[in-house]
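This report refers to the structure that appears directly beneath it.
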Amino acid sequence: MSENSAPETHNTGPASGETALPKGYEPADVEARWGRHWEENKTFTPDPQDVLSGKKEPFSIVIPPPNVTGALHMGHALDLTVQDILCRFMRQQGKSVLWVPGTDHAGIATQNVVERQLKKEGKKRDDLGREKFIERVWDWKKEYGDRILNQIRSLGASVDWDSLRFTMDEGLSRAVREVFVRLYGEGLIYKGNYIVNWCNRCHTALADDEVEHAPKKGKLYRIRYAFAGGPLPDGTAELIVATTRPETLLGDVAVAVHPEDERYANAVGRKVILPIVGTELPVIADAYVDREFGTGCLKITPAHDMNDWALSKKHNLPVITVIDDRGFMNENAPAAYRGMPSAACREKIVADLDAAGLLVDVTDHDHSVGECYRCKSVIEPHVSEQWFVKVAPLAKAAREAVPAQTQIFPPNWEKTYFEWLDNIRDWCISRQIWWGHRIPAWTCEACGEMIVQAEDPADLAHGCPKCGGALKQEDDVLDTWFSSALWPFSTMGWPGEKGKPAPKLQAYYPTSVLVTGFDIIFFWVARMMMMGIHFMGEVPFKHVYLHALVRDEQGKKMSKSTGNAIDPLAMTAKYGTDALRFTLASFAAMGRDIKLSEKRIEGYRHFVNKIWNSARFALMNLPGEPKATLVEAMGATQDAPLANRWILHRLEEVKDEVESASLEYRFNDIAQSLYRFIWNEFCDWYVEMAKADLYGPEGPAKEATRRVLLTVLSETMVLLHPVMPFVTQEIWSVLPGIPAENDGKELALAPYPVRRPQCRDEQAARDMAFFQGVVGSVRTIRTELTIDPAKKLPLIVDTADAMDSAQAVLNANAHLIAQLARIESADIGPGKTGPRASGTAVVEGARLFVPLKGIVDFGAEVARLDKELGKLDKQLTALRGKLAAPGFAGHAPADIVAAENEKLAGLVDARAKLAELQERLKGALAEG
RNA sequence: GGGCGGAUAGCUCAGCUGGAAGAGCAUCGGCCUUACAAGCCGGAGGUCACAGGUUCGAGCCCUGUUCCGCCUACCA
């Protein structure tokens, strides 16, 4: 990037006071500016040579391509946030990061959108013809296809826009053909006449997993099928068959019973008369039939039921299709029903059966019905000519790669993945639509020869190589998921030129991790595994991180139709992108659904603002700070003030926490660790303590604190940057004293903060806890006894029995206690004692006295101490019980026993001291 | 039918390999203390669904039960 292209950073509003930053954080402008900057400077476009030359390790992610017709929803927002956190973190770790963005062409959905558009013009796709229609779809794509990409931009996703791909791109289309042709050649793709899931509305076949099952209230009809040639010898006149779809009986070819069902033993081998139609059907026996269900008699309709289809193959039964591919009764139906929609036919059939006395009864029956996952209309099993992938061999390899080559996080999803692969059926990949990758197969209209090849039809101009006859290409296109399955390598340039593998592919395949929702583990994850292994010889990703689904506050799946969706773009407009991202990260605990509430986003906007203001504070107090003034320049820290030592110590711990959480996909831990550190430690305590130095006279103390303040703030911005890229970058760009090696660069390219082992300081942590205890005790006394907050109080501390460093800590920080607890004078030393009429507390063995006489009615303090004593007693009882329990001392590890005993001693001591102090107080009270 | 997950403060959720229950929001009280009222200080609020078990010790491990989700499946 060039120096002078750095965005203006001070134009979000008029400067207030001495600071360069406006008083409140205003995200809109900041986000727009930095988003543009990143893209214009190609900040996130990596150089594959860095990897190929061995200079850097690769880290790569391919985006789960959103549907080109889609709009960004909360699920995308979570998915992108997680990926962006990983990518930005890995850049900090020095990796060469490639994040490939793109969209898929969503065959059925996109075609539906354009058909709807046509409908408004009073046209159908057939009016245009295939070519014109496809042109129309491309027009649509040009106009609206970037919408979701722009929404991805607005979330701050650090993708490489130079790598942008679309599944219908030239290169990706070549990959699709190449794969199709090779699989066909290997016998793994075949064409055949089979029963498939059929959507009448979309007018196409669907794969098994594109059918969603929804419970529906239906009816169960019981119908009489009389025996041909009159009753059986035992007098049985008929079989009663139960069905939910009476209209399909027109296509019945048999009735089946269980072979061991004694009720029907005599019936097997006989014939029954198909009602209405009048043909004779064989009664067959098959163990598939459930004796418990209905009457135990199953009518067999191979053309309109998946299971019946299977039985018909097994028993060599004919297939009679009576409903066509639009849902109307066809020429095989008796004339009375021909041409009727199947629903109307059902009514008529039922009425006719009833009139003929063949309907036994109709009962309510709840069952699950398949729906089209795109348009929600009912799926009909339908016999037709389709193309299939023979999946079993591919599935086997995909299965065996987990977890050895690919690890799934959280691992409990492995089971689901295995389950699906183990029971997989062949994959129907042909779709009877126009928008998509047309199947690269041509049939000779003269001799029927089929040619499958990747080259364009131009090469086939000479006609059929066998007989010279005219060639006709397949009308069908491929399932969108067929091209999505190739995404991890097709986007990186596969298959590329002969003998010249694409550098991107070489550098970044296999990808590091796939981040997606568990709902497409079948559609997509498993299929990418199959294709990646088969064509690249290597799994497509080393890790799969499956995150939860975002639900509404009631736990319902968010969807536009139910109107419960929280629009991520509305949220970013209202609260800022960083607030939304932080919210999603903090919710992203593994293996849990996310119930998002707007309140939570609002809460984190406050956090963003808090960060912003802490930066304003720092800037006000670091005027003209020269470069390279980070803490390294300070020398040894042992003699430094407690606050500085403590915050630097904590910073080291936070570096560890954030790093390990990032590597282990514990996004909520990243968020929690930083939240606590920034707000509850840095802002609430460190900044307040630093004020004493910062507002004090120039000198070494002030200088040191300025350096620590700057160090902690700037390194915190780096740690927080992957989660909140915008506010951190904005602050970073105005902070002075950025380390020389990063000066002038973008925060997004700054390395992870170095570790400073010399700043580890457990003693400082203990001392700080003591200090906080003292300040807290005084504050509690003040508030509980309703002492005027402005009133300054004296404080006496007896350090005789206190922790070793207590005296030193209090002496060194007396001025801070005064400031934070509003103390006018502190008298500290072993054996010091306050008046009997004092508010009191015990902290780490130190006795605190806040004289109350003349300030407030101190009777309330007796009651307050009762409450404190009560708490201590509760703890004591529990702890004594634990220690006295038989076996504790013997069984528990020695260090635990020691620690518990120490705790007990501390509690006993505190309780005794507090009780004694209360007695003194009571004495004072009695005297009045 | 099979599988997975959940039940922790009023609400939404954390709680890693078992060692004295946490956050945000809401609530109560007090503060415009010159970074921040999108703020500060303090308080209250939980027999961690129920019943057993393992253990010196269980929110965490085991068994069972009751609710609630989700995925999956060929009972017409």
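Atoms considered below: every heavy atom in the structure, side chains included; atoms not considered: hydrogens, waters and symmetry mates.
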With a 4.0 Å cut-off on heavy atoms, is Ser614(A) in touch with a base, just the backbone sugar-phosphate, or nothing at all?
base
Using atom CH2 of Trp612(A) as one end and atom P of A38(B) as the other, report the distance to the nearest whole Å.
17 Å
Would you classify Glu292(A) as touching base, sugar-phosphate or nothing, given that sugar-phosphate means primed atoms plus P, OP1 and OP2, and contacts are heavy atoms under 4.0 Å?
nothing
With a cut-off of less than 4.0 Å, is there a side-chain N or O of His365(A) near OP1 or OP2 of A76(B)?
yes
Measure from CD on Glu598(A) to P on C11(B) and round the result to the nearest Å.
20 Å
How would you label the contact of Asp305(A) with the nucleic acid (heavy atoms, under 4.0 Å): base, sugar-phosphate, or nothing?
nothing
Heavy atoms only, 4.0 Å cut-off, all strands: where does Val687(A) land among base, sugar-phosphate and nothing?
base
Mind checking Tyr221(A) for me? I need base, sugar-phosphate or nothing, with any heavy atom below 4.0 Å counting as a touch.
nothing
Nearest-angstrom distance, P atom, C32(B) to C41(B):
15 Å
Determine the contact category for Lys610(A): base if any of its heavy atoms lies under 4.0 Å from a base atom, sugar-phosphate if only primed atoms, P, OP1 or OP2 are that close, otherwise nothing.
base
Nucleotide by nucleotide, nucleotides 17-32 of chain B touches protein heavy atoms under 4.0 Å in the pattern (B base, S sugar-phosphate only, - none) --BB---SS---BS--
Classify the nucleic acid contact of Phe682(A) as base, sugar-phosphate or nothing, counting any heavy atom under 4.0 Å across all strands shown.
nothing
Report the secondary structure of RNA chain B in dot-bracket form, marking unpaired bases with a dot and bases paired to a different strand with |, and treating Watson-Crick or G-U pairs with both distances under 3.5 Å as paired.
(((((((..((((.....[..)))).(((((.......))))).....(((((..]....))))))))))))....
Determine the Euclidean distance between corresponding C1' atoms of C48(B) and C13(B); express it in Å to zero decimal places.
13 Å
Base, sugar-phosphate, or nothing for Lys691(A), non-hydrogen atoms under 4.0 angstrom?
base
Between Tyr695(A) and A35(B), does any side-chain N or O lie under 4.0 Å from OP1 or OP2?
yes
Just checking Val289(A): base, sugar-phosphate only, or nothing, at a heavy-atom cut-off of under 4.0 Å?
base
Is a side-chain donor-acceptor pair under 3.5 Å present for Ser586(A) with Asn668(A)?
no
Distance-only side-chain donor-acceptor flag, Tyr373(A) / Glu210(A), under 3.5 Å
yes
Which value, in whole Å, describes the distance between the C1' atoms of nucleotides G59(B) and G1(B)?
33 Å
Using whole Å, report how far CZ of Phe418(A) lies from C1' of C71(B).
17 Å
Within the side chain of Asp909(A), is there an N or O that forms a donor-acceptor pair under 3.5 Å with the backbone of Ala905(A)?
no
So, do Tyr604(A) and Tyr575(A) have ring centers that fall under 6.0 Å from each other?
no
With a 4.5 Å limit on heavy-atom distance, are the side chains of Arg706(A) and Asn621(A) in contact?
no
